[in-house]
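One structure below.
By convention in this document, chain letters (A, B, ...) are assigned in the order of the sequence lines, proteins followed by strands, and residues within each chain are numbered from 1. Both backbone and side-chain heavy atoms feed into the values below; hydrogens, waters and symmetry mates do not.
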Amino acid sequence: MNSESNIRTILPISFYRGTDVTDIARKLLGKYLCTRINQKPVTSGVIVETEAYAAQGDKACHASDYNRTDRNDAMFREGGIAYVYLCYGIHNLFNVVTNRSGEPEAVLIRAVEPEEGIEIMKKRREYKEVKPELTAGPGRLTEALGIDRSHYGTNLQSEPVWIEDRGKHISASDIDSSPRIGVSYAGEDAKKPWRFTISGNRWVSR
DNA sequence: ATGTCGATTTGCT
DNA sequence: GCAAATCGACATA
């Protein structure tokens with residue numbers, strides 16, 4: 001057995017329905033976020049940066065204290081679907097909803113390393129060169145992969161947006177944790193080390 | 001290399 | 001009205 005195994009599996013629904021959102025955020029590192037939009041070829045990237053959010057005891061979460069709104073409704077549904085929202089009126093941010101219905105938790109995907117469909121991603125971003133700014137950042141990867149609010153609430157086990165395990169294993173010693181970005185308004189909860197990155201990866205944001 | 005600022009939907013006061 | 005799970009343009013150094 002080596003790390004270059006040929007497995008190529010869509011993450012099963014059970015993966016998303018776990019009750020520990022930080023554990024799922026760690027396990028998403030090294031998985032492949034894939035899209036196929038408007039019959040175009042597949043675009044994909046390796047997830048290299050994630051953040052966990054939880055309704056209970058986390059003021060940084062949109063569903064903090066179980067407050068349900070039109071925007072965060074998807075977070076209250078069964079795990080395994082997309083929660084996409086508009087940030088600062090401009091950027092589409094993509095989250096994976098986890099846990100069971102009524103227990104709003106989600107993982108924000110903050111950066112991917114481009115894998116397939118790089119020419120399409122460059123075109124979507126109006127880039128001539130491939131560099132980290134192409135996909136390093138939560139608003140950047142969604143533009144590169146073609147994800148927007150039309151994907152709100154869609155399940156993640158088939159087109160147009162899904163996540164695959166291709167046998168890449170990230171060991172615990174290769175995962176860094178740090179405070180989440182841009183949540184200073186959350187007081188003490190802003191200090192939670194719920195941002196996870198693949199150590200030393202060039203495609204991590206900031 | 002670092003700093004400021006505008007874009008502009010959504011939710012809360 | 002104001003701030004937000006951000007980014008890129010532009011200024012200054």
Tyr88(A) OH - dC2(C) C1' separation (whole Å)
12 Å
Using atom CG of Leu134(A) as one end and atom P of dC7(C) as the other, report the distance to the nearest whole Å.
13 Å
Does Asn67(A) have a side-chain nitrogen or oxygen under 4.0 Å from the phosphate oxygens OP1 or OP2 of dC12(B)?
yes
Thinking salt bridges, do Asp189(A) and Lys192(A) make one under a 4.0 Å N-O criterion?
yes
For a quick check of understanding: with a heavy-atom distance under 4.0 Å over all strands, which category does Leu108(A) fall into, base, sugar-phosphate or nothing?
base
In this structure, how many angstroms lie between the C1' atom of dC7(C) and the CD atom of Glu126(A), rounded?
14 Å
Under 3.5 Å for both donor-acceptor distances, Watson-Crick or wobble: does dA11(C) have a partner, and if so which one?
dT2(B)
Please determine if Glu133(A) and Arg140(A) form a salt bridge, counting it only when a charged side-chain N lies under 4.0 Å from a carboxylate O.
no
Gap between atoms CZ and C1', on Arg110(A) and dC7(C) respectively (whole Å)
11 Å
Test: Arg124(A) and Glu143(A) ion pair at under 4.0 Å:
no
Are any of the side-chain nitrogens in Lys31(A) or Glu164(A) under 4.0 Å away from the carboxylate oxygens of its partner?
no
Where the side chain of Thr69(A) is concerned, which of dG8(C), dT6(C), dG11(B) is the nearest nucleotide?
dG11(B)
Base, sugar-phosphate, or nothing: which does Arg149(A) touch, judged by heavy atoms less than 4.0 Å apart?
sugar-phosphate
Tell me whether Arg195(A) is salt-bridged to Asp176(A), with the criterion being a basic N under 4.0 Å from an acidic carboxylate O.
no
Using atom NZ of Lys59(A) as one end and atom P of dG11(B) as the other, report the distance to the nearest whole Å.
18 Å
Give Arg195(A) one of three labels, base, sugar-phosphate or nothing, depending on what nucleic acid heavy atoms sit under 4.0 Å from its own.
nothing
So what does Asp70(A) hit on the nucleic acid, given a heavy-atom distance under 4.0 Å: a base, only sugar-phosphate, or nothing?
sugar-phosphate
For Tyr85(A) and for Arg140(A), locate the closest nucleotide of DNA chain C by heavy-atom distance; then report the residue assigned to the nucleotide nearer the 5' terminus.
Tyr85(A)
Does Arg125(A) have a side-chain nitrogen or oxygen under 4.0 Å from the phosphate oxygens OP1 or OP2 of dC7(C)?
no
Would you please confirm or rule out a distance under 4.0 Å between OP1 or OP2 of dT6(C) and any side-chain N or O of Arg206(A)?
no
Please determine, for the side chain of Arg71(A), which listed nucleotide (dA7(B), dT10(B), dC12(B)) has the closest atom?
dT10(B)
Expressed as a whole number of Å, how far does the P atom of dC10(C) sit from that of dT8(B)?
16 Å
Measure the distance from OH on Tyr152(A) to P on dT10(B) and round it to the nearest whole Å.
11 Å
N-O pairing of Glu116(A) and Arg8(A) below 4.0 Å
yes
Distance, rounded to the nearest Å, where Tyr83(A) contributes OH and dG11(B) contributes C1'
10 Å
Specify the separation, in whole Å, of atom NE2 of His91(A) and atom P of dT8(B).
11 Å
Just call it for Ile90(A): base, sugar-phosphate, or nothing, with non-hydrogen atoms closer than 4.0 Å on any strand.
base
When you compare dC5(B) with dA13(C), how far apart are their P atoms, in angstrom units rounded to a whole number?
15 Å
